Amino acid sequence: MGCITRLGCLFVLLIVAIGAWLTRDRWLTRLEQRASHAPRAAAVATERWEPLSDAAADTTRGALKRLGEPRGQVFESVSPAALASYVYQQVAKRMPTVADSVEAMANGDKLSLRAVVSVSDLGGAIGDAVGIVHDRERVELTGTLSVLKPGTAVFDVSDARIHGLPIPKGMIATLIDRIQPVRQPGVSPNALPLPIPRYIGDIRVASSKITLYKTVQ
């Protein structure tokens, strides 16, 4: 009797296996869709815009102070908003346009900055290129961070948007000239120079944070 029962179970399992094989196109597609959606949702959750603030700038200032100590840390990690807040405090007075609602975000190895600015201050041709009609619009810049030389880092912009609309790649340099009128020697036309302490040797963006590395002598 037990043998017959086992044979019956095997027969049922065989029928189920055959049915699964014949309908594999349907359930495999569903499984693949679920697998592709789940990791993407988790990745998006770690990327978010953060507002710039004086408190965030103080976080970076403290990290730089620790790196500057003779026996201090060799690297420090800060949030994108913390570094952007510190840099913005250094360069805001030299910018020809007043920005508000300034925010920062890290995405992979890229840093993104966005702010609401006067489009007329950026040049009429830039606004016309994307059909902008309002004076104040949100401008977004995305690019990579690197150290150009002691005391100077660069934010090399690879993508620029106004009101969410991309501007032509060839006009990024024109936009940068409007933001930073005086171009420094050796800096790419698409890059913004950023002041940093001379003892910072490298900057890396990863995992939604920015790591500053001290030059080790």
Side-chain angles (χ1 to χ4, degrees), residues 43-57 59-60 78-148 152-184 186-196 203-206 208-210 212:
V44 171
T46 63
E47 301 158 3
R48 60 185 178 87
W49 290 101
E50 296 177 313
L52 274 58
S53 66
D54 292 339
T59 299
T60 296
V78 297
S79 70
L83 181 66
S85 297
Y86 172 81
V87 171
Y88 187 72
Q89 286 185 351
Q90 315 301 313
V91 303
K93 294 181 179 179
R94 301 200 301 269
M95 295 176 65
T97 182
V98 178
D100 58 64
S101 303
V102 188
E103 298 175 304
M105 176 180 70
N107 185 351
D109 63 346
K110 301 286 183 66
L111 174 68
S112 294
L113 302 173
R114 70 181 185 182
V116 176
V117 302
S118 174
V119 177
S120 59
D121 289 343
L122 302 178
I126 295 174
D128 294 341
V130 291
I132 296 298
V133 294
H134 300 97
D135 181 50
R136 293 191 68 78
E137 291 287 357
R138 190 181 299 279
V139 175
E140 181 180 331
L141 305 177
T142 298
T144 55
L145 280 174
S146 62
V147 175
L148 178 65
T152 303
V154 288
F155 177 44
D156 197 352
V157 179
S158 57
D159 182 82
R161 296 171 181 268
I162 299 178
H163 193 67
L165 303 172
I167 70 169
K169 298 290 185 183
M171 297 190 71
I172 293 180
T174 304
L175 177 60
I176 297 300
D177 283 341
R178 291 286 181 169
I179 298 173
Q180 182 81 21
V182 180
R183 183 175 297 177
Q184 294 187 15
V187 177
S188 166
N190 287 14
L192 282 167
L194 308 174
I196 57 172
I203 302 176
R204 299 179 190 176
V205 181
S208 299
K209 64 183 179 181
I210 299 175
L212 308 170

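A quick note: this is a predicted structure, and the numbers were derived from the prediction, not measured. Just so you know, residue 1 is the first one in the sequence shown, and it goes up from there.
Qualifying side-chain contact (heavy atoms from CB on, under 4.5 Å) partners for A84, counting only residues two or more places apart in sequence or in other chains: L52, A104, L113. In this structure, the side-chain contact (heavy atoms from CB on, under 4.5 Å) partners of S53, at least two apart in sequence or on a different chain, are A55, A56. Applying the side-chain contact (heavy atoms from CB on, under 4.5 Å) test to I176 and every residue at least two apart in sequence or in another chain returns V157, I172, L192. With sequence neighbours left out, V205 forms a side-chain contact (heavy atoms from CB on, under 4.5 Å) with A106, L145, I210. Taking E50 as the reference, R48 meet the salt bridge (Lys or Arg N to Asp or Glu O under 4.0 Å) condition, with sequence neighbours excluded. R138 is linked by a side-chain hydrogen bond (donor to acceptor under 3.5 Å, both in side chains) to nothing, counting only residues two or more places apart in sequence or in another chain. Considering only residues two or more places apart in sequence or on other chains, D100 meets the salt bridge (Lys or Arg N to Asp or Glu O under 4.0 Å) condition with R136.
The backbone N or O of S85 sits nowhere less than 3.5 Å from a side-chain atom of Q89 that would complete a donor-acceptor pair.
Of the inter-residue distances, the one linking L194 atom CG with Q90 atom CD reads 10.5 Å to the nearest 0.5 angstrom. One finds the CD1 atom of I196 at 12.5 Å from the OG1 atom of T60 (value rounded to the nearest 0.5 Å). To the nearest 0.5 Å, the span separating OG on S118 from CD on E137 amounts to 10.0 Å.
For the pair V154 and P193, the tightest heavy-atom approach, listed with the atom from each and the gap, is CG1-CA, 4.3 Å. Residues P80 and S208 share a closest heavy-atom pair of CD-O, 3.6 Å. Across A82 and V78, no two heavy atoms sit closer than the pair CB-CB, 4.0 Å.
Counting only residues at least two apart or on different chains, the side-chain hydrogen bond (donor to acceptor under 3.5 Å, both in side chains) pairs with a member in residues 105-114 are E103-R114, S112-T142.
Between L141 and I179 the shortest side-chain heavy-atom distance falls below 4.5 Å.
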